Trainee: 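Pasting a structure below so you can have a look.
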Protein chains: 2
Amino acid sequence: MLSIGSLSKRTGVKVPTIRYYEQMGLLKAAERSEGNQRRYERSDLERLAFIRHARDLGLDIPAIRELIRLSEHSQQPCADADRIAAEHLAAVREKIVRLRKLEQELDRIVSHCDGGHSIEECYVIRALSDHGLCESEH
Amino acid sequence: MLSIGSLSKRTGVKVPTIRYYEQMGLLKAAERSEGNQRRYERSDLERLAFIRHARDLGLDIPAIRELIRLSEHSQQPCADADRIAAEHLAAVREKIVRLRKLEQELDRIVSHCDGGHSIEECYVIRALSDHGLCESEH
DNA sequence: ATAATTCCTATAGTCACTAGAGCTTCAAGA
DNA sequence: TCTTGAAGCTCTAGTGACTATAGGAATTAT
Ligand SMILES: [Zn+2]
Ligand SMILES: [Zn+2]
Ligand SMILES: [Zn+2]
Ligand SMILES: [Zn+2]
């Protein structure tokens, strides 16, 4: 049986975050010691590692909750789990597209001015004042 | 003199957001009508357009506040403004790098499973359970 | 004049945590 | 066994950039 601190060290998830995941229903309410401290077993360690990895991959809490629910029905088809992952991938790709547009505009703006001007003449300030100077929507 | 609603329509910034920007010190406190409603002039329209464009480019509120402050000293050198833009560009690039790593892993994971399995065999679930199956840190 | 619309302030909610206050329990050494 | 320091507990509030709602007042249109 692990204390919350040992669980934290083994998974790299901070103690308050573990308590937060319990509150959010990702971890089941832990057993308690006589003095009301949380005690964890191996299965909790595995579940927390799952949560952590899913978070590291950018999945949000409702998605993880659903994935955990699905993972408890080992004989069901995995279409829903695959769909969640695919939708997340699509969302990541959209974010990348959007950031690449920002990157292009910002790169253009930044390279038009080298800091050696007055504010009055600064291309950064002018470009921010006027989206018409931009080359794309963003 | 424009009402907050007309200012909103002309800039595409929602009414509560305009009030929020005032609270955050991006817009100066507007003049008021006899009945205490905000009244704006052309210069407010321009400043709000600046704020909006800067937000669309991903700059955060403290950065925009600083840029506005700088833009009021038209004879000063623009090095600080250029630095703010360059730092933001660097931050955007870092985000892109991180998201590309996520994209790679997610793409690999998703393409390993086509939904035609049981949860028990599902590669999505297994990959989430074990970062060791990943090809990179992310 | 009346009705419809817009405006006002103030408060709370979003997301995934993080920080702090104030208190209790645990583990280890003397 | 006693003491001390670390770690645990609950609860509340703060983060960023808004958004939503409530309850009321002002403005505009008919
Ligand atoms: Zn410049
Ligand atoms: Zn633009
Ligand atoms: Zn699958
Ligand atoms: Zn991984």
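Only a predicted model underlies this, so the values are computations on that prediction, with no experimental measurement involved. So you know, we letter chains A, B, ... as the sequences are listed, proteins then strands, and number each from 1.
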Trainee: Could you tell me how far apart A:Glu34 (CD) and C:dA27 (P) are, to the nearest whole angstrom?
Mentor: 11 Å

Trainee: Please round to the nearest 0.5 Å and tell me the distance separating atom CZ of B:Arg39 and atom CG of B:Leu7.
Mentor: 11.5 Å

Trainee: To the nearest Å, give me how far apart CE (B:Met1) and C1' (C:dT6) are.
Mentor: 17 Å

Trainee: Measure the acute angle between the ring planes of A:His53 and B:His131, then classify it against the limits of 30° and 60° as parallel, tilted or perpendicular.
Mentor: perpendicular

Trainee: For nucleotides 17-20 of chain D, print each protein N/O atom paired with a nucleotide N/O atom at under 3.5 Å, atom names and distance only.
Mentor:
| residue | atom | partner | partner atom | Å |
| --- | --- | --- | --- | --- |
| D:dA17 | O3' | B:Arg55 | NH2 | 3.3 |
| D:dC18 | OP2 | B:Tyr21 | OH | 2.8 |
| D:dC18 | OP2 | B:Arg55 | NE | 2.6 |
| D:dT19 | OP2 | B:Thr17 | OG1 | 3.0 |

Trainee: Can you measure B:Arg38 atom CZ to D:dT27 atom C1' for me and round it to whole angstrom units?
Mentor: 16 Å

Trainee: Please confirm whether the shortest side-chain N or O distance from A:Arg32 to OP1 or OP2 of D:dT10 is below 4.0 Å.
Mentor: yes

Trainee: Ignoring backbone atoms, test whether B:Arg19 places a side-chain nitrogen or oxygen under 4.0 Å from the OP1 or OP2 oxygen of C:dT11.
Mentor: no

Trainee: Here's a test of your reading of the structure: between B:Asn36 and B:Gln23, which maps to the more 5' nucleotide of DNA chain C?
Mentor: B:Asn36

Trainee: In whole angstrom, give the distance that lies between atom CD of A:Glu31 and atom C1' of D:dG8.
Mentor: 17 Å

Trainee: Round to the nearest Å and state the distance from B:Gln37 atom CD to C:dT5 atom P.
Mentor: 16 Å

Trainee: On the nucleotide D:dA26, are OP1 or OP2 found under 4.0 Å from the side-chain N or O atoms that B:Ser33 carries?
Mentor: no

Trainee: For B:His138, is there any backbone N or O sitting under 3.5 Å from a side-chain donor or acceptor partner on B:Ser136?
Mentor: no

Trainee: Applying salt bridge (Lys or Arg N to Asp or Glu O under 4.0 Å), name anything that partners B:Arg69, two or more places apart in sequence or on another chain.
Mentor: B:Glu66

